[in-house]
Amino acid sequence: MKLPVIKQLTEFIEQNDQDYVIEAVEVLEALTEVPSLKDEELDVIGELISNMYGALEVNKLVKDGMSKKDALNSFMQRVLGSIDKG
């Protein structure tokens with residue numbers, strides 16, 4: 001996951017609507033079913049999906065009253081914490 005990408009997607013959600021991101025995730029998830037995709041291509045699609053889900057989570061934290069900066073930091077700390085445990 002890349003914080004600048006999540007931040008940009010979060011701003012997109014604020015300016016537009018989270019439904020665009022949800023629908024984009026659904027399209028990307030459908031693309032992962034293409035049998036001829038190479039591992040590198042699947043990795044890129046997976047990274048995009050992860051960033052989009054991250055932005056949706058940050059957006060939820062902001063809606064729940066957290067500042068955008070705190071929401072981004074909180075989300076990334078959880079991600080890093082889960083990586084350390086894995």
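- If you chain together hydrophobic residues whose side chains sit under 4.5 Å apart, Leu28 and Ile13 fall into the same group.
- Residues Tyr53 and Val21 fall within the same hydrophobic cluster, defined by Ile, Leu, Val, Met, Phe, Trp and Tyr side chains chained together at heavy-atom separations under 4.5 Å.
- Clustering ILVMFWY residues whenever any of their side-chain heavy atoms sit less than 4.5 angstrom apart, transitively, puts Ile22 in a cluster other than the one holding Val58.
- Looking only at distances, a side-chain donor or acceptor of Asn51 sits under 3.5 Å from a matching main-chain atom of Lys2.
- Closest non-hydrogen pair, Ser74 versus Leu61, comes out as OG-CD1, 4.5 Å.
- Taken to the nearest 0.5 Å, the CD atom of Gln15 stands 11.0 Å off from the OG1 atom of Thr10.
- Shortest non-hydrogen contact noted between Leu9 and Ala55 is CB-CB, 3.4 Å.
- Atom CD of Glu29 and atom CD1 of Ile45 lie 11.0 Å apart (nearest 0.5 Å).
- To the nearest 0.5 angstrom, Ile6 atom CD1 is 5.0 Å from Met76 atom CE.
- Atom CG of Asp43 sits about 11.0 Å away from atom CG of Leu48, to the nearest 0.5 Å.
- Side chain of Glu57 to main chain of Phe75: no donor-acceptor pair is present (N/O by atom type, distance under 3.5 Å, no hydrogens or angles).
- Rounding to the nearest 0.5 Å gives a distance of 9.0 Å between CE of Met52 and CG of Leu56.
- Scanning all heavy atoms of the two residues, the minimum distance from Lys7 to Leu72 falls at CG-CD1, 4.0 Å.
- One finds the CZ atom of Phe12 at 11.5 Å from the CG atom of Asn59 (value rounded to the nearest 0.5 Å).
- Of all heavy-atom pairs spanning Ser36 and Glu41, the tightest one is O-OE1, 4.4 Å.
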From CA spacing to verdict: side-chain contact (heavy atoms from CB on, under 4.5 Å), Leu42, Thr32: CA-CA 6 Å; Leu42 285 171; Thr32 65; 4.0 Å; yes
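- Lys63 approaches Gln18 most closely through the heavy-atom pair NZ-OE1, 4.3 Å.
- Both Val34 and Val44 are members of a single hydrophobic cluster when ILVMFWY side chains are connected at heavy-atom separations under 4.5 Å.
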